[in-house]
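Lettering of chains follows the sequences in order, A, B, ..., and the numbering in each one begins at 1. This one's a predicted model, so the numbers in the text were calculated from it and none came from an experiment.
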Amino acid sequence: MEHGSLLAILLTYFGYCFPAVSLYFIGPMPSSTLSQIVSKMDQLYEFDREAVKPASLHSGSKFAGVFAGEHVAATEFVIGAFFVLHGVGVVDLLVGLAVGNLLAVLSWAFLCAPIAVRTRLTLYWYLRRIAGPGLTLIYNIANAVMYCILAGAMISVSSTAIGLGFGIPVPPLDSVFPTSVGWVILTFLIGAGFTTLAILGFERLSRFASVCSPWIFAVFVTGAIAVLPGLGVEQDLSNLWEIAKTRIWNGIPNPGQEKFGMWHILFFAWFANLAMHVGLSDLALFRYAKKWTYGFYSAFGMYPGHMLAWICSGVMVAAADRVMDPGLMAYRAAGLVGVTAVLLAGWTTANPTLYRAGLALQIATPNWPRWKVTLIAGATTTVLACFPVFFLKLLDYVAIYGLVLMPIGAVVFAEHWILPWLGITQYQAEKKRWFLNWNAAIVWVGTLVVCYFMPFHLYFRWLPGYFIALISYVVLQRVADSKRG
Amino acid sequence: MKILIPLLTVLSLVACLGTGIAHFQGRVTFNAYTTAFILFSVVYFVSATVWSEMRKKKERTGR
């Protein structure tokens, strides 16, 4: 079994079975406790319970700004570099990125934004109507675990920047466990620092993040330009294409790395934010859109953000002897500014991730103050960050993250568009006051089980999985509806 | 100030990019490039923070 698949199993089960494991160890909760948790969860999200009023809608430029700012993160230093290490060719890279990002933009525009402007609700409240508070609770916990792992990867990336100054080596590509005491201490200290700052003030940090993001983008572009002479590119750019083909994306994978082609890149670019577009998490954002066509503004995040940043980090890693060490490659490209950019990119993106993880975890900890929940999320994240596997297998993790949450997007899409079209009663969970819509739960678990056994690469499994989830949910709802008469 | 600060923010960011291009063209050494990059970054962070505060104040007061 390939390494990525093994990781896929572990992560999927870690993220997905957490509620089941807790049920096993703690035992079934009394219904009063469950009601308390659900009531607490509702209070947490009370502020966005009401549909957005017309006066609160935002202009298109705001969406362009949000997307442009959010999609230049610490992980971009790793993703683009991994494409190089996986031996993708230059044409495959460019075609894959162009088409994959286009498909991501279309997913936002045609799947996510239309539902958002029709309902004006967050996924939390809309899912509650469709799947019941029980499944929404499980979804939240799964999401929290996923966020913690993602924030952990960002802390690890930042550690590579600081570790450079202290001579702490970055763990090799096949590492699962920490390879030195120095790495553990460093990651722990950085995680503790990020958590403390997240506790002290989320909003102020968010403002600082918005100041940072154009500069981080500038560091990507400037760093890539500055290392071009070292790669042998002439000042008139006459041999740029040749160098790109032979010295950067030369089609030769690093030892131990799987060979990637155009389809891998295309699918990766498409599913990099799967939970947000196909998974419909961005209902929270697009419910403020005046028109569904605002979904196309996601192109500001996909092209100048993902596409260009991934290309730039690919150039930088090629100039850093094709070694996966974001700190080192940024240092060689832009000196201290590069190192600072890696640290700040990790910090500013780990901060909202920690916040979201805390918010999602708060449901299971009734009456706990915000700081305590953030502390728990931060501590969990810090421990995870010590394990280099999460950042060294980031591409696989991103695939799993999207895959795990994707079936819920399919359920919501089917409930919103397909059920009324077929004359099947909508929102049964809300009308009948079900705690859990079993059909949705079966579709969620069933789709993941089927995806696990699919005989092809992890990156391609979500697409057939989406249609399986969509069709099976419609069939199950149709059967249940006809039984009810 | 209303024009100067945003202008300074944008110009410092463009200057950051310019340092890389200057190094690529062989006009400045790597050390000079990284030093200039640090200086323009400091200018960017100061002016962008001030600009952000100005916008926040404007949103609060409506002026």
Side-chain angles (χ1 to χ4, degrees), chain A residues 56 58 61-62 65 68-69 72 203-240 243 304 308 312 315-316 319 330-345 348, chain B:
Chain A
S56 310
H58 296 318
S61 59
K62 201 133 191 168
V72 184
E203 283 187 24
R204 199 166 290 176
L205 272 178
S206 299
R207 272 216 312 281
F208 180 66
S210 68
V211 167
C212 283
S213 54
W215 178 78
I216 292 169
F217 179 70
V219 174
F220 269 103
V221 178
T222 310
I225 294 171
V227 297
L228 288 177
L231 286 165
V233 176
E234 300 289 341
Q235 285 178 16
D236 59 0
L237 301 174
S238 56
N239 64 342
L240 179 63
I243 294 290
L308 199 56
C312 290
V315 174
M316 285 191 262
Y331 181 72
R332 285 198 185 172
L336 280 178
V337 169
V339 174
T340 313
V342 173
L343 182 66
L344 286 184
T348 53
Chain B
M1 286 293 270
K2 275 182 184 172
I3 297 168
L4 185 71
I5 297 294
L7 192 68
L8 194 61
T9 306
V10 175
L11 285 180
S12 56
L13 205 58
V14 173
C16 286
L17 281 166
T19 56
I21 295 168
H23 174 60
F24 170 67
Q25 290 177 334
R27 290 183 195 169
V28 294
T29 62
F30 186 78
N31 280 343
Y33 145 66
T34 52
T35 309
F37 203 169
I38 292 173
L39 290 175
F40 288 125
S41 297
V42 171
V43 174
Y44 169 78
F45 272 101
V46 172
S47 58
T49 308
V50 173
W51 189 16
S52 166
E53 288 300 317
M54 278 165 60
R55 279 183 298 178
K56 194 184 145 207
K57 197 175 164 189
K58 193 181 167 190
E59 274 172 24
R60 222 176 24 225
T61 60
R63 281 184 297 169

#### Entry: Under 4.5 Å from a heavy atom of chain A, the part of B/Y44 involved
side chain

### Task
Below 4.5 Å from any heavy atom of chain B, which atoms of A/V219 appear? Answer side chain, backbone, both or neither.
both

### Query
Do the non-hydrogen side-chain atoms of A/L344 and A/F208 ever get within less than 4.5 Å of each other?
yes

## Note on the structure
Separation between CG (A/D236) and CD (B/Q25), nearest 0.5 Å, reads 11.0 Å

### Query
Which one, A/S210, A/G230, A/P214, A/A224, leads in non-hydrogen pairs under 4.5 Å with chain B?
A/P214

### Task
Measure B/S52 against the heavy atoms of chain A and call it side chain, backbone, both or neither at under 4.5 Å.
side chain

### Query
Is any side-chain heavy atom of A/T340 less than 4.5 Å from a side-chain heavy atom of A/W215?
yes

#### Entry: Close aromatic pair by centroid cut-off 6.0 Å: B/F30 and B/Y33
yes

### Message
With chain B as the partner, which of A/P229, A/A218, A/G335 has the greatest number of non-hydrogen pairs under 4.5 Å?
### Response
A/P229

### Task
Answer with side chain, backbone, both or neither: which region of A/F220 has an atom nearer than 4.5 Å to a non-hydrogen atom of chain B?
neither

### Summary
Of the listed B/N31, B/I21, B/L17, B/T19, the one with the largest count of heavy-atom pairs under 4.5 Å with chain A is B/L17

### Query
Checking A/I225 against chain B: side chain, backbone, both or neither under 4.5 Å from a heavy atom?
both

### Query
Passes side chain to side chain contact (heavy atoms under 4.5 Å, CB included), A/L237 versus B/F24? Steps please.
CA-CA 10 Å; A/L237 301 174; B/F24 170 67; 3.4 Å; yes

### Query
Is A/L308 close to A/F217 at the side-chain level, that is, under 4.5 Å between some pair of heavy atoms?
yes

